[in-house]
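Working notes, beginning with the structure itself.
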Amino acid sequence: MSQRILNTAKPTPAPTQRHHPSPPPKLGRRAASAAIAIAAAPALRSVSPASSRAQEFEPEAVGVAGAATATATVAAPCLEELPVTATAFLDVSIGGEPAGRITVGLFGDAAPAAASRFLSLATGVGYRRKEFVKIVPGYVQHGGVVSYPAVPAVTDRLAAEADALRARCPGGAVHGAAGAVSIVVRDPSLPPPKPKLVARGGKLEVEEEQVGVAPNGTEFVITTGAAPELDASAVLVGRVLDGMDVVAKIAAVPTVRDNAASPYFR
């Protein structure tokens, strides 16, 4: 989500036509009355020499859409102390109308692999015209790139960086304030893999089968307040430097709840 250097000239205005997203995964509440998607625009603003430590991943790009109030960024001590090594921006649209720009400062020293992955997704075509699919008190969540497979070697490395950051931040509180930007690397609600008997080459073998879909390391969240539940599932990649009013617009989009208990919805 070798690194391309994008043209940092004036970005092309986000298209106004509405795009039909692929069905979002079951994630609790989701945006209902307006599509919130990432527009097509260059996302790389600047990179400092420190960011060269980051690992490179697949290239990608970003945009979005929303509607409502403004929230000031109040950084937690951990967010304030981590140095920003690069900045990127997301041009967001809500219901097909431009909603504004979110500028993200990336922590390439504290989380090199995660920051590099987010930067590559934001500067290529990965996040372009993809939607935010979950709005809950404390954070909004982007659906990521569903076509990317979940590669254990990648997600395990991102999870290791999440654990290291949690140990570094006071009290392990990484997502203690508004403005944190993180990639989802774990789903604590998933049950552990269960053994399965498989016939292969005339022999019976035992394999582990994962129930449900594990995160592929492309979904990201932006906190709108304290969200300690994210500490166990997401790796911090940066913080919002400008555009929390746009995040507030996304958070204000009306939502509906999944009703799994209803035979109609089932």
Side-chain angles (χ1 to χ4, degrees), residues 1 21-30 53-60 110-121 124-127 130-134 136 138-169 172-175 180-221 227-237 257-266:
M1 210 237 21
S22 56
K26 288 187 179 179
L27 292 167
R29 292 187 200 171
R30 60 184 183 277
R53 293 175 49 189
Q55 299 296 315
E56 292 181 358
F57 292 92
E58 312 88 337
E60 304 298 319
S116 179
R117 185 167 179 83
F118 182 87
L119 183 61
S120 65
L121 288 165
V125 295
Y127 288 148
K130 304 298 192 301
E131 297 192 340
F132 284 91
V133 296
K134 184 177 183 181
V136 295
Y139 66 94
V140 297
Q141 181 168 332
H142 188 270
V145 187
V146 296
S147 60
Y148 275 31
V151 181
V154 174
T155 53
D156 288 350
R157 179 167 190 174
L158 298 179
E161 288 189 349
D163 294 339
L165 274 168
R166 196 161 59 249
R168 175 175 178 172
C169 292
V174 179
H175 302 88
V181 181
S182 300
I183 290 178
V184 178
V185 294
R186 296 188 184 107
D187 184 354
S189 67
L190 281 180
K194 46 182 197 175
K196 173 175 79 167
L197 205 59
V198 178
R200 185 178 290 112
K203 297 180 180 179
L204 291 177
E205 298 179 1
V206 177
E207 286 187 351
E208 287 193 336
E209 181 181 36
Q210 178 66 60
V211 179
V213 180
N216 65 0
T218 64
E219 299 169 82
F220 70 88
V221 297
E229 66 272 24
L230 294 175
D231 290 346
S233 62
V235 54
L236 184 69
V237 299
R257 284 185 181 276
D258 287 330
N259 189 356
S262 166
Y264 175 81
F265 283 99
R266 194 181 306 128

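Being a predicted model, the structure only gives us computed values, none of them experimental.
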**Complete:** Applying side chain to side chain donor-acceptor pair (under 3.5 Å) to Asp163 and not counting sequence neighbours gives Arg166, Arg186
If I compare all heavy atoms of [X] with all of [Y], which pair ends up nearest, and what's the gap?
| X | Y | result |
| --- | --- | --- |
| Val174 | Cys169 | CG2-SG, 4.1 Å |
| Ser182 | Ala234 | CB-CB, 3.7 Å |
| Val185 | Ala159 | CG2-CA, 4.0 Å |
| Pro195 | Val206 | CB-CG1, 3.9 Å |
| Ala227 | Gly138 | CB-O, 3.9 Å |

**Item:** From Ile183 atom CD1 to Thr155 atom OG1, the distance as rounded to the nearest 0.5 Å
**Value:**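 The OG1 atom of Thr155 is 11.5 Å from CD1 of Ile183, to the nearest 0.5 Å.
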**Asked** Just how far is it from atom OH of Tyr127 to atom CD of Glu219, taken to the nearest 0.5 Å?
**Response** 9.0 Å
**Request:** Report the relative orientation of the aromatic rings in Phe220 and His142; use parallel for angles under 30°, tilted for 30 to 60°, perpendicular for over 60°.
**Result:** parallel
**Prompt:** For Val221 and Val184, what are the C-alpha separation, side-chain angles and deciding distance, and is it a side-chain contact (heavy atoms from CB on, under 4.5 Å)?
**Reply:** CA-CA 7 Å; Val221 297; Val184 178; 4.0 Å; yes
**Message:** Can you list everything that forms a side-chain contact (heavy atoms from CB on, under 4.5 Å) with Ala180? Sequence neighbours excluded, please.
**Reply:**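 So Ala180 forms a side-chain contact (heavy atoms from CB on, under 4.5 Å) with Leu79, His175, Thr223, Leu236.
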**Message:** Whether the side chain of Glu161 engages the backbone of Ala113 through a donor-acceptor N/O pair (distance < 3.5 Å, no angle test) should be reported.
**Reply:** yes
**Item:** Expected output: side-chain Asn216 to main-chain Val145 donor-acceptor under 3.5 Å
**Value:** yes
**Request:** Report the residues that fulfil salt bridge (Lys or Arg N to Asp or Glu O under 4.0 Å) with Glu229, sequence neighbours left out, ordered by chain and then residue number.
**Result:**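 Testing Glu229 for salt bridge (Lys or Arg N to Asp or Glu O under 4.0 Å), a comparison that skips the adjacent residues, returns none.
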